[in-house]
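Right, one structure below, let's go through it.
Each ligand, and each atom within it, is numbered from 1 in the order the structure gives.
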Amino acid sequence: MGYETLIVDIDDHVGVITLNRPDALNALNQQLLKELAAALGVMQENEKVRCIVLAGSEKAFAAGADITEMSEQSFVDMFSSDYFTAETEAILRCRKPIIAAVSGYALGGGCELAMMCDFIICSDTAKFGQPEINLGVIAGIGGSQRLTRFVGKSKSMEMHLTGRFMDAEEAERSGLVSRIVPAKKLMEDAMATAAKIAEKSTLATMAVKEAVDRSYETTLREGILFERRLFHSLFATEDQSEGMSAFMEKRSAKFRGK
Ligand code: DAK
């Protein structure tokens with residue numbers, strides 16, 4: 001498939017998707033989100049891909065939903081098309097781990113997209129924010145819920161109410177990102193992290209993604225039961241046998257996703 005708003009590549013076992021609307025700081029329009037959903041669907045089906053990196057440019061991961069496109073919509077347009085819903089649900093359906101590599105602005109829908117990934121590595125230039133309040137609207141693809149779960153009510157509420165940006169240091173301190181790296185090293189670091197994940201059993205990485213995500217959806221007791229059942233089920237895989245044998249034989253495991 002040809003993409004106009006993305007650059008899509010596969011490097012060994014890592015799928016790399018780069019948002020590519022430089023003139024609009026990668027603002028998310030319907031075309032971009034449809035292409036992103038499609039690209040993730042293709043990577044989900046491609047057995048070679050074991051981990052995915054989603055990146056933007058050095059200046060902007062994404063500066064939000066496309067204000068020019070949104071400004072022309074009425075309530076009826078938004079409601080009847082269920083704006084962005086099918087696309088974001090398709091993104092969330094991807095079962096392979098997705099790392100957001102964030103440099104520069106991750107604002108509004110851009111911050112929300114980064115938070116939909118499995119974890120965020122950011123550069124020291126990153127700036128996160130939910131500035132929709134400045135446009136007379138609010139977050140619309142999960143920002144009020146996800147940012148609150150990441151950083152707590154007080155900081156999330158302040159960010160949504162004032163529209164202020166959070167820098168990389170604050171984002172790391174608050175638990176929004178897993179790590180900060182120098183801007184020039186961001187892709188190298190994200191790719192090395194993805195390559196490390198790609199060495200693991202894909203059955204185990206998909207299982208752990210489901211288990212951690214379930215912690216947002218259910219009670220502690222149910223979540224722990226879900227984790228335990230997934231753990232038990234991994235004993236039906238060749239990868240579990242290989243991983244434990246390799247440890248005892250003091251060699252590296254060779255996982256085959258079987
Ligand atoms: N949309 C469209 N174009 C944008 C854009 C955006 N979000 N952000 C930047 N651009 C464009 C600029 O208009 C400019 O285009 P030209 O004028 O050159 O044609 C170009 O990108 C470069 O931007 P600037 O000249 O402004 O660059 P600066 O370095 O001076 O400033 C900035 C960078 C990021 C601080 C500034 O561009 C900015 O404030 N951008 C807007 C940030 C923002 O407000 N983001 C939130 C958007 S609202 C929903 C789903 C999603 C959403 C809501 C509902 N539903 C499903 C219900 C999400 C809403 C949003 O994200």
Side-chain angles (χ1 to χ4, degrees), residues 3-7 17-38 40 54-94 98 100-117 120 122-151 155-171 176-177 183 186:
Y3 301 98
E4 288 177 14
T5 62
L6 308 174
I7 298 167
I17 302 178
T18 308
L19 307 180
N20 187 35
R21 296 192 67 216
D23 295 344
L25 300 186
N26 293 331
L28 312 175
N29 61 9
Q30 295 190 61
Q31 183 187 8
L32 183 148
L33 281 183
K34 276 192 198 336
E35 289 188 1
L36 179 55
L40 287 171
L54 178 62
S57 67
E58 202 168 319
K59 177 159 181 188
F61 176 75
D66 190 312
I67 300 168
T68 312
E69 181 178 271
M70 279 192 301
S71 68
E72 291 163 6
Q73 311 262 340
S74 67
F75 164 77
V76 172
D77 297 330
M78 283 282 181
F79 186 70
S80 52
S81 71
D82 210 357
Y83 196 64
F84 284 177
T85 300
E87 295 82 1
T88 49
E89 284 179 356
I91 293 166
L92 292 169
R93 266 201 304 275
C94 182
I98 308 175
V102 173
S103 182
Y105 297 109
L107 305 177
C111 185
E112 293 169 298
L113 177 61
M115 291 191 289
M116 276 184 240
C117 297
I120 304 172
C122 77
S123 77
D124 46 11
T125 63
K127 289 200 180 347
F128 299 88
Q130 297 288 163
E132 293 90 340
I133 198 87
N134 297 330
L135 303 169
V137 292
I138 66 169
I141 42 175
S144 64
Q145 307 304 301
R146 289 201 177 87
L147 188 64
T148 308
R149 282 167 162 81
F150 276 109
V151 306
K155 199 178 278 292
S156 173
M157 188 71 91
E158 186 207 347
M159 299 220 12
H160 283 279
L161 284 172
T162 65
R164 83 168 172 87
F165 300 165
M166 186 191 272
D167 67 16
E169 294 282 331
E170 187 180 3
L176 177 57
V177 306
L186 177 64

Per-atom contacts, ligand 1 versus [X] - under 4.0 Å to a heavy atom:
X	answer
Pro131	43 (C), 44 (O), 45 (N), 46 (C)
Gly108	61 (O)
Met70	48 (S), 59 (C)
Ile141	50 (C), 51 (C), 56 (C)

Regarding atom 58 (C) of ligand 1: of the candidates Gly163, Ala65, Ser71, Cys111, which has the closest heavy atom?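 Heavy atom nearest to atom 58 (C) of ligand 1 belongs to Ala65.
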What distance separates [X] [atom1] from [Y] [atom2], expressed to the nearest 0.5 Å?
X	Y	atom1	atom2	result
Ile17	Tyr3	CD1	OH	7.0 Å
Leu54	Leu36	CG	CG	6.0 Å
Glu69	Gln30	CD	CD	4.5 Å
Leu147	Met157	CG	CE	11.5 Å
Ser144	Gln130	OG	CD	8.5 Å

What part of Lys59 sits under 4.0 Å from ligand 1 if we count only heavy atoms: the side chain, the backbone, both or neither?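 The part of Lys59 near ligand 1 is the side chain, not the backbone.
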Quick one: look at Ala27 and ligand 1, take heavy-atom pairs under 4.0 Å, and tell me if it's side chain, backbone, both or neither.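 Just the side chain.
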Can a protein heavy atom be found under 4.0 Å away from atom 23 (O) of ligand 1?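 Under 4.0 Å from atom 23 (O) of ligand 1, at least one protein heavy atom found.
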Measuring from non-hydrogen atoms of Asp23 to any atom of ligand 1, is the shortest distance under 4.0 Å?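 Under 4.0 Å: yes for Asp23.
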Measure the distances from the heavy atoms of Glu69 to every atom of ligand 1 and state whether one is below 4.0 angstrom.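 Contact absent.
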Just to confirm my output: which protein heavy-atom neighbour is closest to atom 56 (C) of ligand 1, and how far is it?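 The closest heavy atom on the protein side is Tyr83 O, 2.8 Å.
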